Amino acid sequence: MVRYIGERHTHPQNHPTPSSIDLNEWQILAADRVDGRPLLALIVGCRDLHVEYMSGTGKRRILEHAEVGQV
Ligand SMILES: [Zn+2]
């Protein structure tokens, strides 16, 4: 059963980057996960998506940036 997959929101930037508020919030959420799996975070910008995993220790793994509209 999936309780919580991750976090997503939008930024009014062409190429979005997470703010310090985002990173702090993601780390709290990731550390609170009981299954130990990383949090999946997604920011939708005007042209790009920012997608990354964050572990409970705060370790980040930024995934490929993808242009919005390309598949
Ligand atoms: Zn943000």
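Since the model is a prediction, treat every value here as computed from it, not as a measurement. First listed ligand is number 1; within each ligand, the first listed atom is number 1.
- Asp22 contributes a side-chain N or O that, together with a main-chain N or O of Ser19, makes up a donor-acceptor pair within less than 3.5 Å.
- Note that CD1 of Ile43 is 14.0 Å distant from NE2 of His15, once rounded to the nearest 0.5 Å.
- A donor-acceptor distance shorter than 3.5 angstrom exists from the side chain of Asn24 to the backbone of Ser20, with no hydrogens or angles considered.
- Annotation: protein N, O or S atoms under 2.8 Å of the Zn ion (ligand 1) (waters excluded) comprise His9 NE2, His11 NE2, Asp22 OD1, Asp22 OD2.
- Grouping the Ile, Leu, Val, Met, Phe, Trp and Tyr side chains by contacts below 4.5 angstrom, directly or via other members, places Leu63 with Leu49.
- Side chains of Leu42 and His50 form no contact here, defined as non-hydrogen atoms less than 4.5 Å apart.
- For the pair Gly56 and Ala31, the tightest heavy-atom approach, listed with the atom from each and the gap, is O-CB, 3.6 Å.
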